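Each remark here refers to the structure printed beneath this line.
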Amino acid sequence: MVSAYVDSNEKINLKDLTHMCKDIKQCNVYLKNLRFYYDENGDVFKPDVILCQNERLPYPLKNNVKKPGENEIIVPDNISFKNTTLNVHNKKIAICDEIDTAKCAAYEDTFVLNARTFTDVFSDENETQSLELRICSNKDNIYTVYSQLEKILKEKYPASSISYGDVENKESVLSGFENEQTILGILLYLFAVINVTIVSYYWINVRKRELAIRKAFGQTNMEIILMLIKEFFLIIGIAAIIAALVQITIQICRGTMQFGLDSVRMMFMYLGMVFIASIISGILPVKYILKIHPAEGVKN
């Protein structure tokens, strides 16, 4: 995530900027540090004003709205609203979704609306000499989009000064673990690993005679352990693929599926979890395997 800072001797018209950026087909670009307020509340907020949207919104939304339409706004659920609309300068803006701040407290007091709605409602604030643009993406090169914005602004405002700086995501690594769904997922994974380990003990007990015969024919303990790990890896891998396909199907049906960097990370995470579960299920019963004697293979 990158912030672009623009300073100009002449005033930058936000409506013109919205029109000039319509051809940007990568990343999400937001106008930052603008002022937003509504009649029912005397506070002033700094909204995320969408200048360009080419990816799914990053907020934990309750209804998974893809984007706010014209005269629509996304509001945080930590602020109570009397109606399903906000009155701003005698104009009504419909609330189309809510940000679930319990999942990420960093989005408290965050309002999200598109640039067209903002410039229509706050027409008296359409011009500014200082501007901050936030460029975000899970799959595209944000610096390519920064270069596009720099070129667009320089052509229209040649005397402007443009710079950028990297910004950390509001949703830190630790905030993911605070998500109750993530905690539930970890607990279910641990429960599954325990179940697989129990099954592996039972499986070895059932195949005790077979393993003893393998030892009698020269297979070492290590070869038997590796064989079991491979078998468990295959079984757990098939289960993980089925689970992934079900999850993808659900996300496609809900319209929240997005292929990008997050999808690649998720794939590697699945592979890592399958590998760890396979290793655990194969290593924990090692003590039991070592006690099997080749002579047990000829017993009735």
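Everything numeric here is computed off the predicted structure, so don't read it as measured data. Computed over heavy atoms, backbone and side chain alike; hydrogens, waters and symmetry mates excluded.
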Any side-chain donor near an acceptor of the partner, Asn28 and Gln53, under 3.5 Å: no
To the nearest 0.5 Å, what is the distance between CG on Leu57 and CD1 on Ile74? 5.0 Å
Tell me the salt bridge (charged side-chain N to carboxylate O under 4.0 Å, His left out) pairs involving residues 185-205, sequence neighbours left out? none
Quick check for you: to the nearest 0.5 Å, what is the distance between Lys62 atom NZ and Lys103 atom NZ? 9.5 Å
Please name all residues satisfying ring-ring contact (aromatic ring centres under 6.0 Å, His included) with Tyr146, sequence neighbours left out, ordered by chain then number. Tyr164
Worked verdict on Tyr37 versus Phe111 for ring pair (Phe, Tyr, Trp, His ring centres under 6.0 Å): CA-CA 10 Å; Tyr37 48 89; Phe111 291 77; over 10 Å; no
If you take the centroid of each ring, where Trp contributes its six-membered ring, are Phe118 and Phe36 closer together than 6.0 Å? no
Report yes or no: do Lys91 and Asn71 form a side-chain donor-acceptor pair below 3.5 Å? no
Sub-3.5 Å donor-acceptor pair from the side chain of Thr117 to the main-chain atoms of Leu113, do we have one? no
If you measure from CE on Met222 to CD on Gln219, what distance do you get to the nearest 0.5 Å? 13.0 Å
Kindly check if the number of other-residue, nucleotide or ligand heavy atoms within 6.0 Å of CZ (Arg116) is above 12? no
Which distance, rounded to the nearest 0.5 Å, do you find between the CG of Asn87 and the CD1 of Ile93? 9.0 Å
Checking side-chain polar atoms at under 3.5 Å, does Tyr59 have a donor or acceptor matched by the opposite partner on Asp48? yes
Compute whether any side-chain donor of one residue and acceptor of the other, for Glu55 and Ser137, lie under 3.5 angstrom apart. yes
Can you tell me if Ser130 and Asp7 form a side-chain donor-acceptor pair at under 3.5 Å? yes
Are more than 12 heavy atoms from other residues, nucleotides or ligands located less than 6.0 Å from atom NZ of Lys154? yes
